[in-house]
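All of these numbers come straight from a predicted model, not from anything done at the bench. First the proteins, then the strands, lettered A, B, ... as listed; each starts at 1.
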Amino acid sequence: MERTKINVLLNLEKTPGPVLIKGWVRTKRDSKEFCFLEINDGSCLKNIQVIAQNDLANYPDIQTITTGTSVAVTGPLSPSPGKGQKWEVPATDIDIISLAPESYPLQKKRHSDEFLRTIAHLRPRTNKYGAGFRLRSEMAFAIHKFYKEQGFRYLTAPLITGSDCEGAGEMFRVTSLDPKTVKEQGKMDFTADFFGQESNLTVSGQLSAEMFALALGDVYTFGPTFRAENSNTSRHVAEFWMLEPEMAFCDLKESMDHGETLVKYLTRHAMEECPEDMALFTSFVDKSLPKRIDTLLNTPFARISYTQAIDILQKSNKKFDFKVDYGTDLQSEHERFLAEEYFKTPVFLTDYPKEIKPFYMRVNDDGKTVAAVDLLVPQIGELIGGSQREERLAVLKNRMAEMNLPMEKYWWYLDSRRFGSVPHSGFGMGFERFLMMLTGISNIRDVIPFPRTPGSIDF
RNA sequence: UCCCCAGUAGCUCAGUUGGCAGAGCAAUUGGCUGUUAACCAAUGGGUCCGCGGUUCAAGUCCGUGCUGGGGAGCCA
């Protein structure tokens, strides 16, 4: 008989008769004459209830079944006389595939997130992490679906890069040099290295995406990104996934429109495709989740300039640890105030002073600010960071000179402004941060399968 | 990297002015009426994070290191 997945069985209207299910035992409840087994196969949050009577030939073996044991069960799908489930399977045959010994670390109780991180290879077997990683999979799919519908092309940007100044933080060096040789020579001889020059893991696919936007029109990259920053917070990891749309003939406002449409689309997709998993997050992670989802779906995001934000912050009676000053970047407490207390919605912040932003952002007509945009969301902080790009060659070169960037290394980037340059815009959205917002999970380490953080790369 | 907090049974934690190491859950064994993290009973289980110090005596006080968490900076 062919195996049927549990999510399929539980959604059936009438019984197909005998079925074969395969999965892992979540819990066993014994009585004198029989026992109940809760089987989960990862296809959905719910378990299916199996009843094993003591007339089964291998009942003595069945009695040794522990939490975590893998089994194959045959029996008719039957209406359950008990409360709590529509269907159950009175077993005619139970094949124990592999027993989990008593040392199996997952128990029939709630574990702390900190403990589960130490067994990250087993945590997807729990309800919460199973739900989280099913949702992560569904959201990755939804991103591609959205961009397919919007007529975008998917760009797989390189992960190893030769440009050393993508401008988004410390990079991980990529080298094939022998550490012994480096030690003997007292330095790294990059001319002898694999690429004949310094190379690093990418911190952003943006520069590649710009080149392709100016060829294919609207493109997006979606893939892993690496930051060697020594960041120890609940919102940073060294390896994370980032979505980066880049759109030709697009200004900052249109870019914001796109970002808002994107966030609303993905949120709606999560609610429609993963209602059970989303309900679990409301019950066990964040009771205020429905309210936040409702705001995401139904409220227009606020949009203000950096200058207006400074004004709002200065006129508020709120006491901040850090002073609010025009010209300095906003502190976390300022961003939180704007998103969580003042607007109580996600808020786009635009037009920052050029001194605190990278070289590629378009200089505004005031000559002082650039067409940058951050999307600040309650609880998370910065979800999206982007800009309209500087498309004017002379202005761009000026900016690079101001910031002492090695122009010759960017010859190919500057070429895009030499040959048919057009206004274009784009942004980066942290995939994990989006998942945090959607689930209420407060630590980024818990929405990525195997988190990489300073001093920690187990699994 | 900086500031703060924590580390005691497999897990979650309690442990009083420094004086015999504790609970709940889990596990094991047995019981049980269709149970829903089933229930009832019994049993086993400890490098009190490591190192050093103070003391008659340290889980408890002091120093230091490690690990984890919260916050800040950097950012997505």
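A donor-acceptor contact under 3.5 Å is not formed by the side chain of A/His111 with the base of B/C11. A donor-acceptor contact under 3.5 Å is formed by the side chain of A/Gln85 with the base of B/U35. One donor-acceptor pair, N or O on each side, does fall under 3.5 Å between the base of B/U1 and the side chain of A/Asn232. Between the base of B/A37 and the side chain of A/Arg26 there is no donor-acceptor pair shorter than 3.5 Å. At a cut-off of 3.5 angstrom, counting only N and O atoms as typed in the model, there is a donor on one side and an acceptor on the other between the side-chain of A/Glu88 and the base of B/G34. Between the side chain of A/Ser231 and the base of B/C74, at least one donor-acceptor pair of N or O atoms lies under 3.5 Å. The base of B/C32 has none of its N or O atoms less than 3.5 Å from a complementary donor or acceptor on the side chain of A/Arg29. A donor and an acceptor atom sit less than 3.5 Å apart, one in the side chain of A/Gln107 and one in the base of B/G10.
Of the P atoms belonging to B/C51 and B/G70, the separation is 28 Å, rounded to the nearest Å. Rounded to whole Å, the separation between the P atoms of B/C39 and B/C49 comes to 31 Å. Atom P of B/G31 sits at a distance of 49 Å from the matching atom of B/U67, rounded to the whole Å. Nucleotides B/U64 and B/C5 are separated by 14 Å at their P atoms, to the nearest Å. Across the C1' atoms, B/G65 and B/G7 are found 14 Å apart, a figure rounded to whole Å. Comparing the C1' positions of B/A76 and B/G59 gives a spacing of 43 Å, expressed to the nearest Å. With P as the reference atom, B/A41 and B/G24 are 10 Å apart, rounded to whole Å. Only the C1' atoms considered, B/G50 is 24 Å distant from B/U12, to the nearest whole Å.
Between A/Arg110 and B/C13, a side-chain N or O to OP1/OP2 separation shorter than 4.0 Å is absent. Between A/Thr27 and B/A37 there is no side-chain polar atom (N or O) within less than 4.0 angstrom of OP1 or OP2. In this model, the phosphate group of B/G70 is not approached by any side-chain N or O of A/Thr233 to a distance below 4.0 Å at OP1 or OP2.
Across all strands shown, A/Pro81 has heavy atoms under 4.0 Å from base atoms, whether or not it also approaches the sugar-phosphate. When heavy atoms are screened at a 4.0 angstrom cut-off, A/Val50 is found touching no nucleic acid atom at all. A/Gln49 comes within 4.0 angstrom of a base, heavy atoms only. Nucleic acid contact for A/Asp30: base, since at least one base atom lies under 4.0 Å from a heavy atom of the residue. Residue A/Phe115 is in sugar-phosphate contact alone, with no base atom involved, counting any heavy-atom pair closer than 4.0 Å across all strands shown. Counting any heavy atom pair closer than 4.0 Å across all strands shown, A/Ser234 reaches sugar-phosphate atoms only and no base atom. If you check every strand for non-hydrogen atoms under 4.0 Å, A/Gly84 touches nothing. A/Ser31 comes within contact range of at least one nucleobase, with a heavy-atom separation under 4.0 Å. The residue A/Leu383 sits close only to the backbone: its heavy atoms come under 4.0 Å of sugar-phosphate atoms, none of a base. Across all strands shown, A/Ile384 has heavy atoms under 4.0 Å from sugar-phosphate atoms exclusively, and none from any base.
Checking B/U1, B/G70, B/C25 against the side-chain heavy atoms of A/Lys109 singles out B/C25 as nearest. Among the nucleotides B/G68, B/U35, B/G73, the one closest to any side-chain atom of A/Arg117 is B/G68.
Classified by interplanar angle (parallel below 30°, tilted 30° to 60°, perpendicular above 60°), the ring pair A/Phe427/A/His258 is tilted.
Side-chain contact, A/Glu229 with A/His236: no donor N or O sits under 3.5 Å from an acceptor N or O.
Judged by the 6.0 Å distance and 45° axis criteria, A/Lys318 is not positioned over the aromatic ring of A/Phe337.
Between A/Tyr220 and A/Tyr154, the ring centre distance stays below 6.0 Å. The six-membered or imidazole ring of A/Phe322 lies away from that of A/His334, with a centre-to-centre distance of 6.0 Å or more. Between A/Tyr326 and A/Tyr306, the distance separating the two ring centers is shorter than 6.0 angstrom.
Salt bridge absent: A/Arg136 and A/Asp277 never bring a charged side-chain N and a carboxylate O closer than 4.0 Å.
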